[in-house]
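This report refers to the structure that appears directly beneath it.
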Amino acid sequence: MASSTLISESEAWKNLKAHVGDIDKTHLRDLMSDAARCKSLMVEYDGLLLDYSRQRATLDTIGKLFKLAEAANLKEKINRMFNGEHINSTENRAVLHVALRASRDATIQSNGKNVVPDVWKVLDKIQEFSERVRNGSWVGATGKPLKDVVAIGIGGSFLGPLFVHTALQTDPEAIKSAEGRQLRFLANVDPIDVARNITGLSPETTLVVVVSKTFTTAETMLNARTLREWISAALGPSAVAKHMVAVSTNLPLVEKFGIDPNNAFAFWDWVGGRYSVCSAVGVLPLSLQYGFSVVEKFLKGASSIDQHFYSSPSEKNIPVLLGLLSVWNVSFLGHAARAILPYSQALEKFAPHIQQVSMESNGKGVSIDGIPLPYEAGEIDFGEPGTNGQHSFYQLIHQGRVIPCDFIGVVKSQQPVYLKGEVVSNHDELMSNFFAQPDALAYGKTPEQLRKENVPEHLISHKTFSGNRPSLSILLPSLNAYNIGQLLAIYEHRIAVEGFIWGINSFDQWGVELGKSLATQVRKQLNASRTKGESIEGFNHSTTTLMKRYLEASSDVPSDLPTLLPRI
Ligand SMILES: O=P(O)(O)OC[C@H]1O[C@H](O)[C@H](O)[C@@H](O)[C@@H]1O
């Protein structure tokens with residue numbers, strides 16, 4: 001297929017469109033009774049099990065999806081990614097986050113150069129630095145060891161590291177290595193987030209890591225200046241060298257900010273922000289908290305999935321299967337949303353991270369060649385850990401709109417509890433729900449079943465569950481650093497597969513620019529109005545009214561920032 005042709009013009013796409021009518025005649029209740037089908041719709045790899053038998057799909061559907069993958073040149077696109085070609089064409093960049101977790105002896109080329117040695121140079125530097133901080137040989141300005149870390153960053157410089165940190169926090173090995181240490185994340189420019197994050201910390205024992213790919217993000221830079229002020233006010237300006245380090249691709253700006261370039265940890269333009277958790281963006285703060293050896297296991301887990309993604313045939317390829325099923329659900333069955341439902345509290349920040357990876361990657365309206373898409377692409381991702389979500393939004397998923405669900409379960413709990421006299425362990429109780437919910441969605445409950453249970457006639461329609469609601473289940477053997485890396489990479493690649501099929505550029509994010517530039521105009525106006533009393537010009541009636549109200553009612557806000565922050 002020529003690159004400027006839309007995938008919707010392919011025979012494979014049209015065949016799938018026509019096939020929707022066949023699937024509409026089926027019900028998951030019947031599909032699930034076909035044991036051979038169910039057996040075929042399961043894949044295992046490296047301790048993981050994917051069960052996609054509860055998708056509204058037959059073996060014929062899957063075959064047609066593989067044909068779609070061929071029509072979209074999926075394999076070729078995956079190869080181009082791994083080969084370092086500039087597949088992010090609107091920014092003329094390679095997309096090589098897989099190189100961030102490649103083994104030391106691997107070769108991955110970008111612009112004719114093997115990037116793996118550069119990756120390991122930074123990883124070695126992180127290992128060395130984090131060990132010095134952790135063992136107390138790197139001390140703060142007053143000679144005290146730095147036991148607490150505040151990582152400042154937003155978007156891709158925040159969500160991935162927060163997800164991994166939250167997932168590791170209750171892992172026994174990680175707990176041991178984090179003893180006596182704290183890791184916090186300051187993301188929002190809302191000064192409340194500053195206040196929350198420095199409460200209980202002393203500048204004397206705190207290391208601030210400024211994480212920004214561009215080192216120009218307004219929120220991150222203001223937060224960085226705020227914490228620089230917090231450190232300087234307490235310990236003098238020279239303390240900044242000992243208490244602030246940076247992660248960025250823009251080392252000149254790091255230096256300009258006043259951070260010693262020796263204390264800067266680099267990454268590269270071929271790492272997209274939302275794909276950067278395996279670069280110094282995640283590895284530095286996480287190594288400071290848990291030690292490099294724990295974080296290395298996380299990288300190895302991700303690398304295992306990279307190899308699987310690169311070399312497994314489609315029928316056995318977990319990210320490929322997941323990506324194709326997402327395309328099926330979104331573009332053919334018309335399900336715009338996807339719920340990410342980990343039955344693990346440790347994964348509470350997984351859905352927010354995937355929300356950015358998925359929605360910023362695939363929330364596009366034109367093809368990679370700039371042609372408006374005549375079909376739906378992108379997914380609305382949301383989610384909460386089970387069972388909490390069950391007591392919140394599952395009502396809509398069971399009886400309201402159809403939302404394909406990802407159920408993610410863990411065999412061995414990080415924190416097992418089994419009380420004497422209880423029927424099951426606490427983890428079994430949690431997992432009972434993980435096993436039950438997909439069937440409740442698939443099978444539903446018919447009026448006939450309800451009548452047999454003597455449900456009064458006026459309640460029959462209210463208590464009926466239509467069923468036929470798709471889900472898939474991913475079972476992880478445990479939730480250690482390695483498994484967390486696996487899970488991350490599965491979703492990263494799944495999202496890339498979706499974009500490759502839809503024929504979009506999943507690696508740019510022009511849609512975030514307009515709001516940023518409008519905020520610049522507002523910032524200028526706020527400054528002019530506050531400092532020179534200038535009237536509001538150039539905004540519409542709505543914005544002018546709102547800004548006027550805001551300026552008038554907040555004219556007495558004190559400007560002496562440090563006194564507003566909580567006293568330590
Ligand atoms: O890492 P930074 O350059 O500070 O960027 C932080 C974030 O801001 C941008 O607006 C992008 O939408 C994100 O993809 C990015 O992760």
Side-chain angles (χ1 to χ4, degrees), residues 87-88 90-97 100 122 150-165 185-190 193-194 197 208-228 244-257 259 264-286 349 351-365 378 381 488 491-492 495-496 499 504-523:
I87 61 169
N88 175 0
T90 62
E91 295 181 300
N92 192 21
R93 287 175 182 172
V95 177
L96 274 181
H97 44 279
L100 300 171
V122 175
V150 179
I152 304 177
I154 199 162
S157 295
F158 158 59
L159 291 161
L162 176 69
F163 143 57
V164 180
H165 169 54
F185 292 89
L186 169 55
N188 202 333
V189 74
D190 185 338
D193 212 16
V194 174
N197 274 291
V208 174
V209 184
V210 186
V211 186
S212 176
K213 181 174 171 179
T214 55
F215 231 68
T216 58
T217 303
E219 295 93 325
T220 299
M221 297 325 296
L222 182 52
N223 277 334
R225 292 192 294 274
T226 307
L227 288 211
R228 183 177 62 188
M244 285 185 100
V245 299
V247 176
S248 187
T249 59
N250 195 338
L251 300 182
L253 282 189
V254 170
E255 189 169 5
K256 207 166 157 206
F257 179 87
I259 291 175
F265 298 82
F267 64 115
W268 308 270
D269 72 358
W270 43 260
V271 182
R274 52 193 175 273
Y275 296 93
S276 67
V277 57
C278 294
S279 72
V281 166
V283 175
L284 178 62
L286 293 165
K349 297 295 178 190
H353 175 51
I354 295 309
Q355 209 167 46
Q356 188 205 7
V357 180
S358 166
M359 293 170 80
E360 203 170 69
S361 295
N362 290 339
K364 308 288 160 66
D381 294 277
L488 170 86
Y491 273 75
E492 284 180 346
I495 288 157
I504 58 180
N505 184 350
S506 299
F507 306 105
D508 62 9
Q509 57 285 316
W510 300 107
V512 301
E513 296 304 324
L514 181 59
K516 280 189 202 172
S517 60
L518 292 184
T520 302
Q521 282 176 40
V522 175
R523 186 186 304 123

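Each ligand, and each atom within it, is numbered from 1 in the order the structure gives. Owing to the predicted nature of the structure, the values given are computational and were not obtained by experimental measurement. We use all heavy atoms of the structure for the numbers below, so side chains are in, but hydrogens, waters and symmetry mates are not.
- Distance check, rounded to the nearest 0.5 Å: OG of S157 to CZ of F215 gives 10.0 Å.
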Quick check on ligand 1: any N or O pairs to the protein under 3.5 Å? One line per pair.
unit_1   : atom_1 : unit_2 : atom_2 : d
ligand 1 : 1 (O)  : S157   : OG     : 2.6
ligand 1 : 1 (O)  : K213   : N      : 2.7
ligand 1 : 3 (O)  : S212   : OG     : 3.4
ligand 1 : 3 (O)  : K213   : N      : 3.3
ligand 1 : 3 (O)  : T214   : N      : 2.9
ligand 1 : 3 (O)  : T214   : OG1    : 2.6
ligand 1 : 3 (O)  : T217   : OG1    : 3.4
ligand 1 : 4 (O)  : S212   : OG     : 2.6
ligand 1 : 4 (O)  : T217   : OG1    : 2.5
ligand 1 : 5 (O)  : T217   : OG1    : 3.4
ligand 1 : 10 (O) : K516   : NZ     : 3.0
ligand 1 : 12 (O) : E360   : OE2    : 2.6
ligand 1 : 14 (O) : Q356   : NE2    : 3.4
ligand 1 : 14 (O) : E360   : OE1    : 2.6
ligand 1 : 16 (O) : G156   : N      : 2.8

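- Residues that satisfy the side chain to side chain donor-acceptor pair (under 3.5 Å) test with D381, not counting sequence neighbours, are R338, S358.
- Here A496 pairs with F500, F507 under the side-chain contact (heavy atoms from CB on, under 4.5 Å) rule; sequence neighbours left out.
- Taking the six-membered ring for Trp and thresholds of 30 and 60 degrees, Y275 and H97 have nearly parallel ring planes, at less than 30 degrees apart.
- Annotation: the span from K349 atom NZ to F185 atom CZ amounts to 11.0 Å, rounded to 0.5 Å.
- E91 is linked by a side-chain contact (heavy atoms from CB on, under 4.5 Å) to N88, R93, D508, Q509, W510, counting only residues two or more places apart in sequence or in another chain.
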